[in-house]
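From a predicted model like this one, the values you see are computed outputs, not experimental measurements.
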Amino acid sequence: MNGIVTESLVELLGVVISAVAAGVLTVVGALAENAGLADLLAGQSVFGLWELGMGALALYAGIYLLGYKRVVVPVGQSLAN
């Protein structure tokens with residue numbers, strides 16, 4: 001019984017950490033996208049494009065890789081059981 005509780009707490013902690021990391025990456029990605037657009041409008045095309053690329057990568061990692069695959073799908077599967 002104790003092993004089941006410990007295993008559940010470890011899984012819950014993993015999901016919570018993934019959710020927090022997804023939120024942080026999503027915010028950082030959105031800020032990088034905003035800064036990239038501002039740089040492009042200011043005429044700094046190379047740095048603006050780099051920031052847009054890094055922002056897109058952070059948004060992908062935050063929303064899809066961590067948010068969807070590691071939080072939404074496992075929580076949905078556990079609620080369905």
Side-chain angles (χ1 to χ4, degrees):
M1 179 72 177
N2 191 18
I4 295 172
V5 172
T6 305
E7 187 176 310
S8 296
L9 288 176
V10 169
E11 288 181 25
L12 178 63
L13 182 63
V15 169
V16 169
I17 290 172
S18 293
V20 169
V24 168
L25 279 173
T26 302
V27 169
V28 168
L31 291 174
E33 290 283 324
N34 190 21
L37 288 175
D39 285 341
L40 280 177
L41 292 175
Q44 300 174 348
S45 60
V46 174
F47 190 61
L49 288 174
W50 182 82
E51 283 180 325
L52 285 175
M54 292 299 109
L57 184 63
L59 285 172
Y60 174 76
I63 294 172
Y64 182 69
L65 291 180
L66 286 176
Y68 180 70
K69 283 192 167 184
R70 293 197 49 152
V71 176
V72 174
V73 171
V75 169
Q77 286 175 350
S78 13
L79 290 177
N81 291 335

Worksheet item: Under a single-linkage rule joining Ile, Leu, Val, Met, Phe, Trp and Tyr whose side-chain heavy atoms are separated by less than 4.5 Å, which residues share a cluster with L49?
Response: L37, L40, L52
Discussion item. Can you give me the closest heavy-atom contact between K69 and V73, atom names plus distance?
Written reply: O-CB, 4.1 Å
Discussion item. If the condition is side chain to side chain contact (heavy atoms under 4.5 Å, CB included), which residues does F47 pass it with, not counting sequence neighbours?
Written reply: D39, Q44, W50, E51
Name every donor-acceptor pair, under 3.5 Å, that has one atom in a side chain of residues 9-32 and the other anywhere in the protein, sequence neighbours excluded.
{"unit_1": "S18", "atom_1": "OG", "unit_2": "G14", "atom_2": "O", "d": "3.0"}
{"unit_1": "S18", "atom_1": "OG", "unit_2": "R70", "atom_2": "NE", "d": "3.4"}
{"unit_1": "T26", "atom_1": "OG1", "unit_2": "A22", "atom_2": "O", "d": "2.7"}

Worksheet item: Linking Ile, Leu, Val, Met, Phe, Trp and Tyr by side-chain heavy atoms under 4.5 Å, what else ends up with V46?
Response: none
Response to the item:
Apart from L59 itself, members of its ILVMFWY cluster (side-chain separation under 4.5 Å) are I63
Item to complete: List in chain and number order the residues that pass ring-ring contact (aromatic ring centres under 6.0 Å, His included) with Y64, two or more places apart in sequence or in another chain; answer none if no residue qualifies.
Response: Y60, Y68
